[in-house]
Asks: 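Shown below is the structure under consideration.
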Amino acid sequence: MEGLLEHPGYDGEKLRRVSEQLPCREVQAGMLLSLMGEPQQYCYPSLFIYGHRASGKSHVVNVLMKELELPHVTVSCVECVSSALLFEQVLLSFFGCDAASLLPRSPSLSDFVRIYKQRTSEFPSKQTRYIVMEQAELLRDASVNLLPALLRLQELVEDNVSVILLSEIVWDKFRPNTGCFEPLLLHFPDYSKAELLQILSAGRNPSYSAEFYSSYINILLGVFYTVCRDLRELQHLAALNFSKFCEPVAEGKVKETETHKLWKNIEPHLKKAMQTVYLREVSSLQWEQMDEHETGALRGLSAHTHVELPYYSKFLLIAAYLASYNPARTDKRFFVKHHGKIKKTNFLKKNEKTSNHLLGPKPFPLDRLLAIFYSVVDSRVAPTASIFSQISSLVTLQLLTLVSHDDQLDSPKYKCAVSLDFISAISRTVNFDIVKYLYDFL
């Protein structure tokens, strides 16, 4: 809705450009402008803007600052790992490198306030200066007095400066226990399905009509909206799967208006892509190659099950799975080459009717894990410290679980924590047929 933003202190043409860049966020931008007031007026000392990820908080603030040409500095709390970096970036943006060079090696909050007041008296501002803090929830882990000082920085430096905090958590979980100056709160709600359709349809491919791309976005949202409402993730999925959607049209098999046939073609592809939502274990190019070449080692793998592990770690995980789901008495039958003839009637107990996979993984000692590992690995491996460190890494990755007590250092017990699909995918990458070694599949 162009022209919705109106404010007496700003040029109408600039506000029109702001509205064009903020689809479905005109209401929040208008409220923020009302809180900020006219450029020459004193703004409220601190504003707290919160909402879920990809709800437009940073985009709205940055567009307003740049298009309305307001003096500001945007600080990422992820990059500013210390207060010194924060102070330096603010002084550098507002007063130049000369002011930043006045900071001592380990500046305190008092040093920052002193230099800021000194520079303000020399270079007074005719407009409100804004300090935008992104990922502001990280300030809770900073110095105790930093957050309360930022919230009332206008009072401390005696200047027309306002601090805008952007966060994904609510203020009730943000407020320090010692108390502080309360900022004005502004909530950014999640985009609705209609708003997502409008925003995503705006980035259409110029080679196709707007109706065709809009029907594609509608199908995409119909599949992913229940599990993902993150605008950035949906934009990534839309760009990743569009070539598959328009493939029948490019080949001349289907017309653009035959939506049902297009849906039938893209449906299995989108369902497979649901397994990669929010994941980046494989790149977009690798995902397309996996879709085109589903034969070979990566066949049937999703981005979640294709985990990059060291070579011997894969065999350790395979050995752990076999130890968890095979009874210990069957190890001789599976892993001893000259075990003699064992009749299947004697090998299978009559009372064992329940699948071990239904009962869940069983704990196993370390020595059994290593014995199976040395049997299944296709080369001679010395029992070095590297092998034991890889076991610890698998526990850290939560692929194995340590179930014994900490005081049992001589015989620790583990349990495998991965599924059959997962371990089957890992086995295919090393050309190991794990089904032949599972007791439940005899």
Asks: If we ignore hydrogens and angles and just use 3.5 Å, is the side chain of S324 paired with the main-chain N or O of P361 as donor and acceptor?
Replies: no

Asks: Could you tell me if S55 and D190 have a donor-acceptor pair between their side chains, going purely by distance under 3.5 Å?
Replies: no

Asks: How would you list all residue pairs meeting ring-ring contact (aromatic ring centres under 6.0 Å, His included) that involve residues 145-179, not counting sequence neighbours?
Replies: F48-W171, F48-F174, W171-F174

Asks: Less than 4.5 Å apart, side chain to side chain, heavy atoms only: is that true for L5 and Y10?
Replies: no

Asks: State whether the side chain of S162 and the backbone N or O of C43 hold a donor-acceptor pair below 3.5 Å, judged by distance alone.
Replies: no

Asks: May I have all residue pairs that pass ring-ring contact (aromatic ring centres under 6.0 Å, His included) and include part of residues 51-93, sequence neighbours excluded?
Replies: F87-F112

Asks: Can we say E69 and K14 salt-bridge, meaning some charged N sits less than 4.0 Å from an Asp/Glu carboxylate O?
Replies: yes

Asks: For the pair D159 and R129, find out whether any cationic side-chain nitrogen is under 4.0 Å from an anionic carboxylate oxygen.
Replies: yes

Asks: I want to check something: taking the side chain as every heavy atom from C-beta on, are L231 and L200 in contact at a cut-off of under 4.5 Å?
Replies: yes

Asks: Of all residues at least two apart in sequence or in a different chain, which pass the side-chain hydrogen bond (donor to acceptor under 3.5 Å, both in side chains) check with R119?
Replies: none

Asks: Hey, could you give me each pair passing ring-ring contact (aromatic ring centres under 6.0 Å, His included) that has a residue in residues 15-44? Not counting sequence neighbours.
Replies: Y44-F181

Asks: Under a 3.5 Å cutoff, is there a donor and acceptor pairing between the side chains of Q40 and Q127?
Replies: no

Asks: Taking the six-membered ring for Trp, are F242 and Y208 ring centroids under 6.0 Å apart?
Replies: yes

Asks: Kindly assign one of parallel, tilted or perpendicular to the pair Y216 and F245, based on the angle between their ring planes and the thresholds 30° and 60°.
Replies: tilted

Asks: Measure the CZ-CZ distance between R229 and R53 for me, rounded to the nearest 0.5 Å.
Replies: 15.5 Å

Asks: Do I169 and Y50 come close enough that some side-chain heavy atom pair is under 4.5 Å?
Replies: no

Asks: If only atom types and distance count, is the side chain of K57 paired as donor or acceptor with the main-chain N or O of F188 below 3.5 Å?
Replies: no

Asks: If you count the non-hydrogen atoms of other residues, nucleotides and ligands that lie under 6.0 Å from CD in E13, is the total more than 12?
Replies: yes

Asks: Would the distance check show the side chain of D111 and the main-chain N or O of P107 forming a donor-acceptor pair, the cut-off being under 3.5 Å?
Replies: no

Asks: Using a 4.5 Å cut-off on heavy atoms from C-beta on, say whether the side chain of L91 contacts that of L103.
Replies: yes

Asks: Give a yes or no on whether a salt bridge exists between R17 and E20, defined as a side-chain N under 4.0 angstrom from a carboxylate O.
Replies: no

Asks: Would you mind reporting whether I318 and I423 have side-chain heavy atoms less than 4.5 Å apart?
Replies: yes

Asks: Spell out, as yes or no, whether a donor-acceptor pair under 3.5 Å connects the side chain of N265 to the backbone of P248.
Replies: no

Asks: Given the side-chain rings of Y116 and F95, with only the six-membered ring counted for Trp, is the space between their centroids under 6.0 Å?
Replies: yes

Asks: Is the shortest heavy-atom distance from the side chain of M133 to the side chain of L139 under 4.5 Å?
Replies: yes

Asks: Find the distance between OG (S46) and CG (L151) and round it off to the nearest 0.5 Å.
Replies: 4.5 Å

Asks: Which pairs, with at least one residue in residues 143-154 and sequence neighbours excluded, count as a side chain to side chain donor-acceptor pair (under 3.5 Å)?
Replies: S143-N145, R152-E155

Asks: Side-chain contact, heavy-atom cut-off 4.5 Å: L397 with L309?
Replies: yes

Asks: Identify whether NZ of Lys or CZ of Arg in R25 sits under 6.0 Å from the centre of the six-membered ring of Y191 and within 45° of that ring's axis.
Replies: yes

Asks: Under the side chain to side chain donor-acceptor pair (under 3.5 Å) definition, can you give me all pairs with a residue in residues 79-106, not counting sequence neighbours?
Replies: none

Asks: Just by distance, no angles: are the side chains of Q135 and S76 close enough, under 3.5 Å, to form a donor-acceptor pair?
Replies: yes

Asks: Please examine the side chains of D11 and L68, heavy atoms only from C-beta on, and report whether any two atoms are closer than 4.5 Å.
Replies: no

Asks: Answer yes if the side chains of E137 and S167 hold a donor-acceptor pair under 3.5 Å, and no otherwise.
Replies: yes

Asks: So, the side chain of S214 versus the backbone of E211: is there a donor-acceptor pair under 3.5 Å, distance only?
Replies: no

Asks: Yes or no on side chain to side chain donor-acceptor pair (under 3.5 Å) for E134 and T74, after CA distance, side-chain angles and deciding distance?
Replies: CA-CA 7 Å; E134 296 182 340; T74 302; 5.4 Å; no

Asks: Taking everything shown except M65 itself, do over 12 heavy atoms lie less than 6.0 Å from its CE?
Replies: yes

Asks: Apply side-chain contact (heavy atoms from CB on, under 4.5 Å) to I266 and L220, showing your working.
Replies: CA-CA 9 Å; I266 195 68; L220 187 81; over 6 Å; no

Asks: Has the side chain of Q41 got a donor or acceptor atom that lies under 3.5 Å from a matching backbone atom of E38?
Replies: yes

Asks: Please assess L438 against L420 for the test side-chain contact (heavy atoms from CB on, under 4.5 Å), listing each intermediate value before the final yes or no.
Replies: CA-CA 10 Å; L438 285 172; L420 178 61; 3.9 Å; yes

Asks: Checking Q390 side chain against I387 main chain: does a donor-acceptor pair fall under 3.5 Å?
Replies: no

